[in-house]
2 protein chains.
Amino acid sequence: MNNDSTKLTVDAVVFGYRAPKEIIVLLIQRKFEPFKGTWALPGGFVLNGESLEDAVYRELQEETGVELSYLEQLYTFGKPDRDPRGHVVSVAYFGLIKPDNLDLVASTDATDAHWFSIKELPKLAFDHQDILNRAINRLRAKVGYEPIGFELLDSKFLFGELENLYMSLLDRTIDRRNFRKKILALGILDELDEKVSQGPGRPAKLFQFNEKRYFELKEQGIFFEI
Amino acid sequence: MNNDSTKLTVDAVVFGYRAPKEIIVLLIQRKFEPFKGTWALPGGFVLNGESLEDAVYRELQEETGVELSYLEQLYTFGKPDRDPRGHVVSVAYFGLIKPDNLDLVASTDATDAHWFSIKELPKLAFDHQDILNRAINRLRAKVGYEPIGFELLDSKFLFGELENLYMSLLDRTIDRRNFRKKILALGILDELDEKVSQGPGRPAKLFQFNEKRYFELKEQGIFFEI
DNA sequence: ACAAAAGTGTTGTAGATACACCCATGT
DNA sequence: ACATGGGTGTATCTACAACACTTTTGT
């Protein structure tokens with residue numbers, strides 16, 4: 001039973017949101033062969049005895065310094081020829097980050113890390129474009145039946161931001177009145193007393209996602225759906 | 001970068017349907033330590049250079065001889081302590097099988113393989129109960145938005161069988177008239193001219209899932225939903 | 001003739017969509 | 001005063017849920 005030369009990596013697809021209409025993804029430029037100089041998803045080898053999630057957090061920390069607000073497993077990619085170095089199986093993760101945390105620190109590996117709009121992507125190393133495509137599909141699908149959109153906004157946000165985010169994610173226009181009715185009817189947003197005004201126009205109220213309330217409703221079998 | 005002692009396995013959760021109301025899952029009895037004598041999911045080590053799906057098919061063939069009608073990746077389990085032998089990461093798959101193929105051949109490993117109702121399960125080895133739970137959740141969720149139910153029925157089936165299958169899967173009663181209306185309205189079933197009569201009662205028409213038609217509709221953005 | 005399973009329609013209701021004007025502020 | 005974005009209500013339509021009787025066969 002020859003298993004010793006199959007290696008295990010993790011890769012992370014981390015999405016962010018840049019107002020008003022851009023969904024962005026975190027990429028690093030590879031410093032070493034193979035694919036030296038090519039853009040790729042952050043990731044790397046899993047250490048023996050290390051959990052998969054720990055490996056993701058460690059690699060992200062090492063390569064980009066970002067702090068996630070959400071992480072879940074995406075899919076495992078295991079085609080024997082996906083890495084020219086040999087049989088490397090990669091467990092891909094799917095992460096979200098708040099606009100607060102978009103700054104990238106100089107990485108310990110001195111790899112270059114940048115945010116790219118998912119509509120203007122460079123050529124990617126390995127099968128990372130496949131991984132990214134799967135992640136985008138997951139993001140678009142999931143945003144419709146779980147309240148993960150809030151993980152892409154600061155904890156206090158304007159309704160208009162939520163609206164723009166959903167339009168960017170789903171890549172279509174949304175009726176403002178119907179959207180507001182639907183979301184507020186779910187009862188998972190707290191309306192704060194604070195208002196912000198930014199330039200001309202009527203100042204807007206701040207809202208906050210009430211996670212506790214969401215879980216209560218979920219227990220009762222009342223589901224989030226857009 | 002110490003990765004050499006992390007090993008990779010696959011495990012398969014294979015579901016079947018036994019009329020009229022039983023959802024069953026395929027388990028094997030372990031022949032060796034650890035967990036010798038305990039029931040477990042079929043699976044085993046991935047060979048170097050072997051794709052994950054190939055490993056699943058191979059292990060299923062070796063241990064049980066079953067032939068699947070559907071297979072998809074479920075989730076990867078990587079807690080460092082999930083296997084007493086060391087760090088073993090397992091990619092779990094989710095499979096379906098038609099009633100035609102429920103017979104288990106004597107396995108080359110002489111392991112004992114049996115079908116168990118998902119409502120009367122033995123204690124399972126490793127974290128296989130977690131894997132199974134996740135598979136059951138996937139099955140229940142997926143059956144609502146993709147036409148995988150047909151993979152659990154013979155290619156020609158009675159409407160009543162489909163109904164019973166869905167009731168068993170969702171563990172609730174379904175209104176016969178509404179169910180029939182909805183499914184037929186999707187336009188993905190061919191109504192055959194053949195009828196079968198089994199004991200007393202009016203004979204029932206046979207139906208067949210029209211996969212080609214389903215993909216056409218899917219292309220057009222018309223989705224299956226129960 | 002009776003028991004057993006298959007087959008079939010209508011009505012009410014809730015949720016989704018479509019749609020346009022007033023409000024509060026900055027310049 | 002005007003330009004800009006925030007905030008709101010109503011009418012229509014569509015999809016789902018509830019519900020009971022007739023038909024065809026075996027015995």
Side-chain angles (χ1 to χ4, degrees), chain A residues 17-21 143-145 147 153-154 156-168 170-208 217 220-226, chain B residues 19-21 143-145 147 153-154 156-168 170-208 217 220-226:
Chain A
Y17 168 59
R18 191 183 280 148
K21 304 233 147 181
V143 89
Y145 64 89
L153 296 175
D154 291 320
K156 297 177 180 182
F157 55 86
L158 307 176
F159 221 97
E161 291 173 330
L162 188 64
E163 217 177 287
N164 281 326
L165 170 64
Y166 271 79
M167 289 197 277
S168 310
L170 303 176
D171 209 20
R172 59 179 175 86
T173 60
I174 296 177
D175 182 87
R176 191 149 40 104
R177 287 163 291 186
N178 293 336
F179 183 72
R180 185 182 261 260
K181 242 181 299 176
K182 201 162 170 180
I183 300 281
L184 289 179
L186 293 170
I188 56 176
L189 290 191
D190 294 338
E191 188 171 333
L192 305 178
D193 284 332
E194 299 172 69
K195 295 187 183 186
V196 267
S197 103
Q198 13 177 32
R202 179 170 170 173
K205 286 179 209 155
L206 281 168
F207 288 83
Q208 201 164 7
L217 290 169
Q220 295 166 35
I222 292 150
F223 292 111
F224 179 89
E225 215 178 322
I226 294 299
Chain B
K21 305 234 148 176
V143 89
Y145 64 88
L153 296 176
D154 291 320
K156 296 177 182 184
F157 54 87
L158 306 177
F159 221 97
E161 291 173 330
L162 188 64
E163 218 179 285
N164 281 327
L165 169 64
Y166 271 81
M167 289 197 276
S168 310
L170 302 176
D171 209 17
R172 60 180 174 85
T173 59
I174 295 177
D175 182 87
R176 191 148 41 105
R177 288 163 290 187
N178 293 337
F179 183 72
R180 194 181 179 105
K181 240 181 299 174
K182 202 161 171 180
I183 301 279
L184 289 180
L186 292 170
I188 56 176
L189 289 192
D190 293 338
E191 190 172 330
L192 306 178
D193 283 333
E194 300 172 67
K195 294 190 181 183
V196 263
S197 105
Q198 12 179 28
R202 179 169 168 173
K205 286 180 210 155
L206 281 168
F207 288 83
Q208 200 164 7
L217 290 169
Q220 295 168 34
I222 291 150
F223 292 111
F224 179 88
E225 217 178 319
I226 295 297

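Given the structure is predicted, the values throughout are model-derived calculations rather than measurements.
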Side chain of [X], heavy atoms from C-beta onward: which of [options] has the nearest atom to it?
X        : options                : value
B/Lys182 : D/dG6, D/dC16, C/dA16  : D/dC16
A/Lys181 : D/dC19, D/dG7, D/dG9   : D/dG9
A/Pro203 : D/dA17, C/dG7, C/dT25  : C/dT25
A/Asn178 : D/dA18, C/dC23, C/dT17 : C/dT17
A/Arg177 : D/dA17, D/dT8, D/dG7   : D/dT8
A/Arg176 : C/dT17, D/dA17, D/dG6  : D/dG6
B/Lys205 : C/dG9, C/dT8, D/dT25   : C/dT8
A/Pro200 : D/dT8, C/dC19, C/dG26  : C/dG26

Problem - N or O in side chain of A/Arg180 less than 4.0 angstrom from D/dT8 OP1/OP2 - result: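 For D/dT8, OP1 or OP2 has a side-chain N or O of A/Arg180 closer than 4.0 Å.
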How close or far is atom [atom2] of [N] from atom [atom1] of [X], stated in whole angstroms?
X        : N      : atom1 : atom2 : answer
B/Leu206 : C/dA6  : CG    : C1'   : 13 Å
A/Gln198 : C/dG26 : CD    : P     : 12 Å
B/Leu170 : D/dA17 : CG    : P     : 12 Å
A/Ile226 : C/dT17 : CD1   : P     : 11 Å
A/Phe179 : D/dT8  : CZ    : C1'   : 16 Å
A/Arg202 : D/dG6  : CZ    : P     : 10 Å
B/Glu161 : C/dA5  : CD    : C1'   : 13 Å
A/Asp175 : C/dA16 : CG    : C1'   : 11 Å

Exercise for the section: Evaluate the ring planes of A/Tyr166 and A/Phe179, with Trp represented by its six-membered ring, and classify them as parallel (under 30°), tilted (30 to 60°) or perpendicular (over 60°). Expected result: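 Plane angle between 30° and 60°, so tilted.
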Handout entry: Side-chain touch B/Phe159/B/Leu189, heavy atoms, less than 4.5 angstrom
Key =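 In short, these two side chains touch, coming nearer than 4.5 Å.
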Handout entry: Value rounded to 0.5 Å, distance of NZ in A/Lys205 from CD in A/Glu194
Key =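 Here the rounded value is 13.0 Å.
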Practice task
Identify, between A/Glu225 and A/Gly201, the residue whose nearest nucleotide on DNA chain C lies closer to the 5' end.
Solution key: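 The residue mapped nearer the 5' terminus is A/Glu225.
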Handout entry: Atom CD of A/Gln220: over 12 foreign heavy atoms under 6.0 Å
Key =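 Yes.
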Handout entry: Charged N-O contact under 4.0 Å between B/Arg177 and B/Asp175
Key =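 Result for this pair is yes, salt bridge flagged.
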